[in-house]
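Data block below; observations after.
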Amino acid sequence: MTVALCPGSFDPPTSGHVDVIRRCARLFDRVVVGVVINPSKRSFFTLEERVGFLRAALADVPQVVVRHHQGLLVDFARREGAQVLVKGLRAVSDFDSELQMAQMNQTVGGVETMFMPTSPAWSFLSSSLIREVASLGGSVAGLVPDRVAEAMKERFNER
Ligand code: PNS
């Protein structure tokens, strides 16, 4: 059985993330979407919210499961039985840091990484830009899963 791990902060998940995960699910028997907790970074959405957004957005893809992890990514991959990490690449600018992480994960854990080019329709998207646009009153509808857009609207209307 081929198992891929798609890791990230997903704060929040975007339509680009969901697209990469759906395409990944066509290539592997099982895809684990891993929400990775970074204890040194304050997140915008809680872990439970981020896991919930991803579960709702991917509920129709049976081979996808959403999990969370704190600690080394390669330990997470091993625990989930994932042979490969799959990361989306939006542009050349993503490549430097992703190559470094891929080489580190291969060295410390023997875990391979494969890169999937983001669909051109979503190559300008990032979670941080989504947070910025929404916080300044812009609409992010269509750029993120519906539940995320609703949650952002609620969050910023509350302020
Ligand atoms: O969505 P992000 O924030 O770009 O995801 C980055 C992530 C979570 C994949 C990266 O920070 C990570 O792998 N964190 C786990 C800690 C770890 O294993 N660090 C060494 C990786 S080389």
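Just so you know, ligand 1 is whichever comes first in the structure, and atom 1 is the first atom listed for that ligand.
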Item to check | Best match, S127, S97, G8: closest heavy atom to atom 5 (O) of ligand 1 | outcome: G8
Next on the checklist: Using every non-hydrogen atom in the two residues, find where R131 and P12 come nearest and quote the distance to one decimal.
Outcome noted: CG-CD, 4.0 Å
Next on the checklist: Looking at ligand 1, would G71 count as a contact under a 4.0 Å heavy-atom criterion?
Outcome noted: yes
Checklist outcome for this item: Any heavy atom of V36 under 4.0 Å from ligand 1? The part involved is side chain
Show me the side-chain donor-acceptor pairs of residues 50-57 shorter than 3.5 Å, one per line, residues at least two apart or across chains.
| from | atom 1 | to | atom 2 | distance (Å) |
| --- | --- | --- | --- | --- |
| R50 | NE | F45 | O | 3.0 |
| R50 | NE | T46 | O | 3.4 |
| R50 | NH1 | S9 | O | 2.8 |
| R50 | NH2 | S43 | OG | 3.4 |
| R55 | NH2 | V66 | O | 2.6 |

Item to check | atom 4 (O) of ligand 1: nearest protein contact (heavy atom, Å) | outcome: S9 OG, 4.8 Å
Next on the checklist: Regarding ligand 1, does K41 bring an N or O atom to under 3.5 Å of one of the ligand's N or O atoms?
Outcome noted: no
Next on the checklist: If you measure every N or O of L73 against every N or O of ligand 1, does any of those distances drop under 3.5 Å?
Outcome noted: yes
Any atoms of ligand 1 less than 4.0 Å from a non-hydrogen atom of [X]? List them with their elements.
| X | answer |
| --- | --- |
| N105 | 21 (C), 22 (S) |
| M101 | 22 (S) |
| L72 | 17 (C), 18 (O) |
| M104 | 22 (S) |

Any sub-3.5 Å donor-acceptor pair from [X]'s side-chain atoms to [Y]'s backbone N or O?
| X | Y | result |
| --- | --- | --- |
| Q70 | I37 | no |
| T14 | V144 | no |
| S126 | L129 | yes |
| Q83 | M1 | yes |
| S123 | R90 | no |

Checking contacts now, so for [atom], which I'm interested in, is there any protein heavy atom under 4.0 Å?
| atom | value |
| --- | --- |
| atom 12 (C) of ligand 1 | no |
| atom 15 (C) of ligand 1 | yes |
| atom 2 (P) of ligand 1 | yes |
| atom 7 (C) of ligand 1 | no |

Checklist entry - Any ion pair linking R78 and D75 (charged N to carboxylate O, less than 4.0 Å)? => result yes
Checklist entry - In terms of ring plane angle, is the pair H69 and F76 parallel, tilted or perpendicular, where the classes change at 30° and 60°? => result parallel
